[in-house]
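To find a chain, count down the sequence lines: A is the first, B the second, and so on, and within it residues start at 1.
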Amino acid sequence: MTTPLRRQAAETIAAALDHDAPLGAQEVMDLLAIPPDRSLGDLAFPCFKLAKALRTPPPKIAADLAGRLAHSAIFAEATAAGGYVNLRLALGAAAALVLPEMVDGLPEPTANRSERVMVEYSQPNTHKAFHVGHMRNLCLGDALVRLLRADGYEVIAANYFGDVGAHISKCLWWYLDRLTDAERVPPASGRGEWLGELYSSASNQLDAWEEAAKTGDETAAAQLAQARARTTEILLALEAREPAMTAEWQKTRAWSLDEFAEIYHWCGVQFDHLFYESEVDEAGLRIVEEYLAKGVFSESDGAVGVINEEVKHMPFFMLRKRDGTSLYSTKDLALARRKFDEHRIDRSIYVVDSRQSDHFRHVFLTLKKMGFTQADACHHVPYEMVELPSGPMAGRKGNVVLFRALRENMVAHVVDNYLAKYRGEWSDAEIGRCAHQLALGAIKYGMLARDVNQKIVFDMAAWLELEGNTGPYIQYATARAGSILRKVDEAGVKVPSLADRSHAAELLAALAEPEERELVTALDGLRPAVIQAARSLRPSLLCSELFELAKATNRFMTSKNCRVVQSDGNVRLARVALVAAAASALRWGLGRLGIEAPARM
RNA sequence: GCGCCCGUAGCUCAGUCGGAUAGAGCGUCGGCCUUCUAAGCCGAAUGUCGCAGGUUCGAUUCCUGCCGGGCGCGCCA
């Protein structure tokens, strides 16, 4: 990952290498490392790779190279240590390469690649409640959209609502048959969640009857049979577009969708396109007919599917049930075709939990067999589940944290514990806005900071601590930096322009403290981290880098040797530039994760 | 049974082209607020990198086998 600083460092090293050395500037840059102890240097160049080509032991190469690098523009010091050359940056020159693009605020990303990428995420079911488990997907998908945009792609953020299927008929059964007229009135707000509770009640009741029926309870068995007949009836009525039932579906579906829209708004998530399962249902069945006729799909036990030998433990991928109705898989094929044909995407990303890994392997293999070359550019981003300290989330057992409670509790905690002291001093609007940003930052960062293949145990109490490696910690560093900049401004000092490179180097040569050195190098690491996170579809990489940057910023701001307002001359100006760069970089980096930093907190 | 994921400090986790004495947060213990926000900073202690082999100058990292945990495996989504 290239930055102006790393490029110049690599070019300097490459130029100093023996002509026999098989490394160009790019290879050198890829090898550049950070020494284990910063007292050794700011960068390190390992010489092991050169040993064979030069037929010289690494320590000898390192010693020779160190001698030749001692007096370059970018390095203040070069010392050999074993097979490594440890390099201390000439801080003014280094800062002049790092800070200019940051002091004025990093640019919002613009698409500069020809590739068009769609990220499909969130995919909630209507008629069900939205809970913390859904938040991981939402945060992950949103962050990937932002990261890919930062990497220059044109990205379509897409959602895919599960608005058909058995869960709908269960919910409607409860709503229509089991509620009294008085009960059948949704609350003024939170209708989606209310509907989710109905679904949950229905599901629990059916499970309970099923359990009882297994133990020989004939009443339960009869009730179960009756209920199943009714849910099937509802399902068929919906499939037949029977007007009265369709009207009920549309009404209740809208309650869910409205609430989802509200949730996304609160989360600061925007979709460019909304898909619905109900739109791809029939198209999916037509695809099954089409490719069955072409001989790509085949029948088995009355069902239709495709045989993907590559998935050894389960080669048969079912696409149409014996009763002729569609499946999740059927719709995914139709959806993929729409993505390719109507949205003309080159790359397709699916953010779906890891339990679906086999499903997506099958989907992509099937698309390939159907002739879609884009199948090679389909990626499933699997992630592990969110659990609660009390165990896996299970709606049935009531072991869930619903979105509304999550939001309210987080916001209330932030206000009570951190912002109450500003009452009267800040407007209520600012307190509310700040609490929103902090609560959301805590949730998003918590969901993103862990690698996707690690399970997350969501412990509300722990996340509310807001200490250590958390979103609010990074937001706090940002706010403090902003506070210094306000004081600087009050003192009548302007953030210096660094547009002129040689002037900038001269000014920034005033930086000398270890905390300043650490901050400059941490700033240099931000952009590569964003690119790496985007390329590997792993937002956690950026979280780690932001945490390091926030720590470096806090250390700088806490150090008595790095006062900004109380210093003078070029030292003050250089530090102003450094703080401005840090604030802007933190804000920008958080922004790539969908997290805002409050102006003050 | 087959497939995927996980196993690193008391706890939660980084460590993804194999490289220096294996890191961070929390917790514990001890310091730092008349000085730019103490939601902060500094210091200390803590390890059989699940186990056993193999490849290598060098393995937490790559390969093989095993142990432990999670998830998935034809008419749910």
Output yes when at least one side-chain N/O atom of Q454(A) is less than 4.0 Å from OP1 or OP2 of G70(B), else no.
no

Reading 5' to 3' through nucleotides 29-36 of chain B, protein heavy-atom contacts under 4.0 Å coded B for base, S for sugar-phosphate only, - for none:
------BB

In whole angstroms, how far is the P atom of A14(B) from the NZ atom of K551(A)?
15 Å

Taking atom types as modelled, is there a side-chain donor on T366(A) or N308(A) under 3.5 Å from an acceptor on the other?
yes

note: K49(A), atom NZ; G58(B), atom P; distance rounded to Å ~ 15 Å

Taking CE from M601(A) and P from U37(B), how many angstroms apart are they, rounded to a whole number?
13 Å

At 4.0 Å (heavy atoms only), tell me whether N417(A) reaches a base, stays on the sugar-phosphate, or touches nothing.
nothing

For D353(A) and G70(B), give me the distance from atom CG to atom C1', rounded to whole Å.
13 Å

Rounded distance (Å) that lies between atom P of A24(B) and atom CZ of F547(A):
10 Å

Gap in Å between the two P atoms, one belonging to G25(B) and one to C71(B), rounded
32 Å

Distance check, P atoms only: C33(B) and A39(B), in whole angstrom units.
15 Å

According to a strict under-4.0 Å criterion, is Y199(A) in side-chain N/O contact with OP1 or OP2 of A77(B)?
no

If the test is side chain to side chain contact (heavy atoms under 4.5 Å, CB included), which one of T126(A), L195(A), T252(A), I234(A) qualifies with C171(A)?
L195(A)

Spell out yes or no: do the side chain of N86(A) and the base of A20(B) have one donor N/O and one acceptor N/O closer than 3.5 Å?
yes

Would you say a side-chain N or O of Q123(A) is under 4.0 Å from OP1 or OP2 of A77(B)?
no

Is R322(A) close enough to C75(B) that one of its side-chain N or O atoms is under 4.0 Å from OP1 or OP2 there?
no

How far does the P atom of C62(B) sit from the matching atom of G15(B), given to the nearest Å?
12 Å

Is N554(A) close enough to G40(B) that one of its side-chain N or O atoms is under 4.0 Å from OP1 or OP2 there?
no

Quote, to the nearest angstrom, the C1' distance that separates C13(B) from C17(B).
23 Å

Over how many whole Å does the gap from E430(A) atom CD to U37(B) atom C1' extend?
14 Å

Can you check the R600(A) CZ to U37(B) P distance for me, whole Å?
12 Å

Interatomic distance at C1', G7(B) relative to U61(B), whole Å:
15 Å

Give me the distance, rounded to whole Å, that separates C29(B) from G69(B) when you measure between the C1' atoms they each carry.
34 Å

